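Below is one structure, written out as structure tokens; comments come after it.
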Amino acid sequence: MRRPIIAGNWKMNKLPSEARGFAREMVKLLSDIQERDILLCPPYVSLPCVVNACRGSNIKVGAQNIYFEKEGAFTGEVSADMLKEIGVEYVIIGHSERREYFKEDDEMVNKKLKRAISVGLIPIFCIGEKEEEREKGMKKDVVYQQLVKGLSGIELENMVIAYEPVWAIGTGKTATPEDAEEMHLFIRETLGKIYNEELAEFVRIQYGGSVRSDNIDSLMAQLDIDGTLVGGASLNIDSFVRIVRFVYSRNIGLRKNM
Ligand code: PEP
């Protein structure tokens, strides 16, 4: 059984003082949650205070990016080792906003994944097609390419994959649970081919794209959706708490399209 993982990607939101208060509140409100991983991913400057606020709790902390070099003259960048030293455990890599606004390609994403793994950070590797690619019937080709190129030369163990259709991010348009499940199953099958089926069964695949408190239960009911990467709705205490407390209604063992 894959352990669900719910992550909040705050993007460039919340001042450090707000981040600290929010994290403390989360620690209080979610202290009873077991058997689920909960992750907060604040901006870099808020990482130390969020790590402190979450210390000793069931909430883990992730960063939103790293640079792929170990160290050196790379003004403005932050290394994986730096994050590791302050107690960060996860890092989001290849988010569509980084691919779009900062021109990160699959090759760079691959280098970042390797760097993260080399220091023991758990990557959340983001993939997903754009609207026009989906309309042209290319969604599976795009995701396949992102997986093959992004994972080149990488051992899969201890990695989370986030399927985030770009047209669903921050738009209020969510993939239907069935649509998302179809892609998650495709991703798992592709991992099975690249690596092996046994390993692919262990990999957690999150869905991301306008996840809210009113659609989380139906998404998590899908057999291959193992968690969610949440942007907008993770900024609000009530909605994020409800998302973490999603209600399971799975037909374990019944894969709909088998
Ligand atoms: C995200 O940032 O990864 C995301 C899915 O954002 P939102 O939930 O706002 O669509």
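Counting starts at 1 for both ligands and their atoms, following the listed order. On a predicted model such as this, the values are computed, not experimentally measured, just so you know.
- Interatomic distance, CE of M26 versus CZ of F240, reported as 7.0 Å (0.5 Å rounding).
- Note: the hydrophobic cluster containing L219 also contains I127 (ILVMFWY, side chain heavy atoms under 4.5 Å, direct or indirect links).
- For ligand 1, the atoms sitting less than 4.0 Å from at least one non-hydrogen atom of A168 are 10 (O), numbered in the order shown with element in parentheses.
- Among protein heavy atoms, atom 5 (C) of ligand 1 sits closest to E164 OE2, 3.1 Å.
- The pair E181-R188 fails the salt-bridge criterion, with no side-chain N (NZ, NE, NH1 or NH2) lying under 4.0 Å from an Asp/Glu carboxylate O.
- A donor-acceptor pair is defined here as one N or O able to donate and one able to accept, closer than 3.5 Å; no such pair exists between the side chain of T228 and the backbone of V230.
- Residue contacts with ligand 1, taken as heavy atom pairs separated by less than 4.0 Å, involve N9 solely via side-chain atoms from C-beta onward.
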(message) Set out, in order, the CA-CA distance, both residues' side-chain angles and the distance that settles side chain to side chain donor-acceptor pair (under 3.5 Å) for Y163 and Q146, then state yes or no.
(response) CA-CA 11 Å; Y163 169 62; Q146 288 173 335; over 6 Å; no
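- Distances below 4.0 Å separate heavy atoms of G170 from the following atoms of ligand 1: 7 (P), 9 (O), 10 (O).
- Under 4.0 Å is where a charged nitrogen must lie from a carboxylate oxygen, and between D179 and R134 at least one such pair does.
- An N or O contact shorter than 3.5 Å is missing between T171 and ligand 1 by distance.
- The closest approach between A233 and ligand 1 stays at or above 4.0 Å for every heavy atom of the residue.
- For ligand 1, the atoms closer than 4.0 angstrom to any heavy atom of G208 are 5 (C).
- The side-chain hydrogen bond (donor to acceptor under 3.5 Å, both in side chains) pairs that include a residue from residues 60-69 are N65-K112, where partners are two or more places apart or lie in different chains.
- Using a 4.0 Å cutoff on heavy atoms, H95 counts as a contact of ligand 1.
- Taking CG of N9 as the start and CD1 of I92 as the end, the distance is 4.0 Å to the nearest 0.5 Å.
- If you check which protein heavy atom lies closest to atom 8 (O) of ligand 1, you get G231 N, 2.8 Å.
- Among protein heavy atoms, the minimum distance from atom 9 (O) of ligand 1 is reached at G232 N, 2.8 Å.
- Under a 4.0 Å criterion applied to the non-hydrogen atoms of G209, ligand 1 contributes the atoms 5 (C), 10 (O).
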